[in-house]
Participant: 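Please see the structure below; I have some questions.
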Amino acid sequence: MSHDPIAGAFAAHDGVLHCESVPLPAIAERFGTPTYVYSRAALLAGYRAYADALAGRSALVCYAMKANSNLTVLDLLARAGSGFDIVSGGELARVLAVGGDPRKVVFSGVGKSEAEIAQALAVGILCFNIESVPELEVVERVAQRLGKRAPISVRVNPDVDPKTHPYISTGLKNNKFGVAYADVPALYRRAAASAHLEVVGIDFHIGSQITEVAPYLEAAERLLDVVDALARDGIGLHHIDFGGGVGIRYRDETPPPVGELIAALLARVDARGHGGKTILFEPGRSIAGPAGTLLTRVQYVKHGEAKNFAIVDAAMNDLARPAMYQAWMPVHPVAPSAHEIALYDIVGPVCESSDWLARERALALAPGDLLAIGGAGAYGMSMASNYNSRPRAAEVMVDGERCYEVRRRELVEELFAGESVLPTGSA
Ligand SMILES: *Cc1c(COP(=O)(O)O)cnc(C)c1O
């Protein structure tokens with residue numbers, strides 16, 4: 001079990017799985033299930049891996065908050081010095097709600113609306129990561145209307161294969177993300193000539209769950225080629241943003257340690273004479289992922305003709321990654337069991353065949369048993385939905401021996417609070 005992402009903050013003592021010093025059965029007892037459980041120490045350790053590797057540099061870690069945008073997660077990271085990578089006006093509102101510094105916010109995404117751009121300009125974010133020519137034009141127009149200069153960076157599509165799942169690779173020619181490599185210089189010239197745009201940086205994000213350094217370095221070299229070409233055109237940049245961070249270990253992946261990736265990248269940056277520029281990263285998964293687990297209880301055990309099913313109280317609406325990307329996530333019994341070991345598919349109550357959380361796991365199970373699904377701190381709760389009119393799970397943050405409910409379980413009435421029926425008399 002030592003290879004497991006939850007082994008650090010989530011370890012068994014006397015056979016019972018704990019988060020830091022709190023036994024998971026106590027959390028299930030107090031807050032019910034399904035519940036997301038986070039370790040404060042693991043979250044901050046995830047952030048510090050980046051901050052430490054960048055120590056002594058002009059640098060900023062912008063946590064990609066779509067991975068997990070709970071206010072407590074944001075508050076802890078903001079107080080540790082983190083900036084934020086946002087992809088919507090809603091995410092910006094969350095940063096502001098915890099008193100986060102807008103000047104540490106980068107705004108990514110291919111479909112920023114005019115209202116979102118205006119909102120970000122009004123509070124003064126660090127920069128807009130521009131994904132297309134039409135977007136640049138809209139940002140310019142909104143800035144002009146508000147009498148502002150919009151700080152911009154162009155998201156370069158370096159056309160390298162990150163060797164990850166196709167749904168989470170973003171830096172290939174056929175992805176919707178970024179500006180085609182050949183079109184980048186013209187876009188910068190266009191921006192540099194505008195009175196309402198200020199060129200401040202350049203960025204890429206080649207994909208998520210990257211487990212190899214090589215594609216990252218290849219993309220970085222291509223990015224630095226652009227930086228050099230722009231300098232020859234008289235366009236200087238203040239920062240270089242290397243996008244999301246490394247992948248995490250769900251099963252047997254061997255992602256490079258954060259420090260190793262950053263050292264390799266910084267060596268290239270320095271060798272090519274750009275050591276004076278500010279360095280940004282936008283990691284999400286590697287900060288929040290290992291810090292969380294989804295606690296769920298077995299409701300029924302069903303021995304079918306071809307398969308055994310353990311039907312648990314968490315489902316695809318709580319944790320979408322398996323249904324969405326066929327993601328493999330570790331499943332741990334929370335306490336020892338006297339039952340016989342069998343191969344189980346762990347499934348939820350939602351009426352879809354894609355509602356599974358894990359397949360063919362050897363486990364000793366009985367109704368009432370608790371399971372912990374590891375590596376669930378990122379892209380877990382933030383992707384949760386209300387499908388099947390299921391209220392979203394509670395979230396609990398553990399700090400040593402204490403635990404705090406940082407989001408209470410949603411109430412059923414809240415699900416339809418904004419709905420109404422047609423007035424009486426309408427046909
Ligand atoms: C999702 C995203 C990230 C974070 O990726 P992780 O793999 O979670 O670290 C960073 N930058 C952008 C633009 C993203 O869309």
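In each ligand, atom 1 is the first atom listed, and ligand 1 is the first ligand listed.
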Participant: Quick check: are there more than 12 heavy atoms from other residues, nucleotides or ligands sitting under 6.0 Å from NE2 of His238?
Facilitator: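 Incorrect, the count does not exceed 12.
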
Participant: For atom 9 (O) of ligand 1, which protein heavy atom lies nearest, and how many Å away is it?
Facilitator: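 Protein heavy atom at minimum distance: Gly284 N, 2.8 Å.
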
Participant: What atoms in ligand 1 come closer than 4.0 Å to a heavy atom of Pro283?
Facilitator: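 The list of qualifying atoms is 9 (O).
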
Participant: With atoms numbered from 1 as shown, which atoms in ligand 1 lie under 4.0 angstrom from a non-hydrogen atom of Gly245?
Facilitator: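 Reading through ligand 1 atom by atom, the close ones are 9 (O).
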
Participant: Enumerate the atoms of ligand 1 whose separation from the nearest heavy atom of Arg285 is less than 4.0 angstrom.
Facilitator: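 Answer, ordered by atom number: 6 (P), 8 (O), 9 (O).
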
Participant: Quick test: of every protein heavy atom, which one is nearest to atom 5 (O) of ligand 1, and how far off is it to 0.1 Å?
Facilitator: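 Looking at atom 5 (O) of ligand 1, the protein heavy atom closest to it is His205 CE1, 3.3 Å.
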
Participant: Flag yes if more than 12 heavy atoms outside Arg103 fall under 6.0 Å of its CZ atom; otherwise flag no.
Facilitator: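 For Arg103, atom CZ is not crowded (no more than 12 foreign heavy atoms under 6.0 Å).
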
Participant: Heavy atoms only, cut-off 4.0 Å: how does Ile210 contact ligand 1, side chain, backbone, both, or neither?
Facilitator: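 Ile210 to ligand 1: no contact under 4.0 Å from either part.
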
Participant: What donor-acceptor contacts under 3.5 angstrom involve side-chain atoms of residues 43-51, with partners at least two apart or in another chain?
Facilitator:
residue, atom, partner, partner atom, Å
Tyr47, OH, Ser82, N, 3.4
Tyr50, OH, Val246, N, 3.2
Tyr50, OH, Ser286, OG, 2.6

Participant: What atoms of ligand 1 come closer than 4.0 angstrom to any heavy atom of Arg155?
Facilitator: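 Counting atoms of ligand 1 from 1, those under 4.0 Å from Arg155 are 13 (C).
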
Participant: Nearest to atom 7 (O) of ligand 1, what protein heavy atom do you find, and at what distance?
Facilitator: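 Protein heavy atom with the smallest distance to atom 7 (O) of ligand 1: Ser208 OG, 2.3 Å.
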
Participant: So is Tyr379 in contact with ligand 1, going by heavy-atom distances below 4.0 Å?
Facilitator: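 Yes, Tyr379 has a heavy atom closer than 4.0 Å to ligand 1.
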
Participant: What residue and heavy atom of the protein are closest to atom 10 (C) of ligand 1, and at what distance?
Facilitator: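 Of the protein heavy atoms, Glu282 O, 3.0 Å lies nearest.
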
Participant: How close does the nearest protein non-hydrogen atom get to atom 2 (C) of ligand 1, and which residue and atom is it?
Facilitator: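 Looking at atom 2 (C) of ligand 1, the protein heavy atom closest to it is Lys66 NZ, 2.3 Å.
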
Participant: Below 4.0 Å from ligand 1: does a non-hydrogen atom of Ala67 turn up there or not?
Facilitator: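 Ala67: no contact with ligand 1 (<4.0 Å).
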
Participant: Give a yes or no answer on whether the side chain of Thr35 reaches the backbone of Leu295 with a donor-acceptor pair at less than 3.5 Å.
Facilitator: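 Absent.
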
Participant: Assess Ser286 for proximity to ligand 1: is some non-hydrogen atom of it under 4.0 Å away?
Facilitator: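 No heavy atom of Ser286 comes that close to ligand 1.
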
Participant: Ring-plane angle category for Phe281 and Phe242, please: parallel below 30°, perpendicular beyond 60°, tilted otherwise.
Facilitator: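 Ring orientation, 0 to 90° scale: tilted.
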
Participant: Quick check on contacts: which atoms of ligand 1 are under 4.0 angstrom from a heavy atom of Ser108?
Facilitator: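 So the atoms of ligand 1 that pass are 13 (C).
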
Participant: Taking the cut-offs as 6.0 angstrom to the six-membered ring centre and 45 degrees off its axis, would you call Lys112 and Phe128 a cation-pi pair?
Facilitator: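 No; the conditions do not both hold, so Lys112 does not lie above the ring face of Phe128.
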
Participant: Looking at residues at least two apart in the chain, or sitting in another chain, which of them share a side chain to side chain donor-acceptor pair (under 3.5 Å) with Asp233?
Facilitator: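 Once residues adjacent in sequence are excluded, the partners of Asp233 under the side chain to side chain donor-acceptor pair (under 3.5 Å) criterion are Arg189.
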
Participant: Is the NZ or CZ atom of Arg359 both under 6.0 Å from the centre of the six-membered ring of Trp328 and within 45° of that ring's axis?
Facilitator: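 Judged by the rule (NZ or CZ under 6.0 Å from the ring centre, within 45° of its axis), Arg359 is not positioned above Trp328.
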
Participant: Does Arg155 make a cation-pi contact with Phe204, if we ask for NZ or CZ under 6.0 Å from the ring centre and within 45° of the axis?
Facilitator: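 Not flagged: Arg155 not positioned over aromatic ring of Phe204.
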
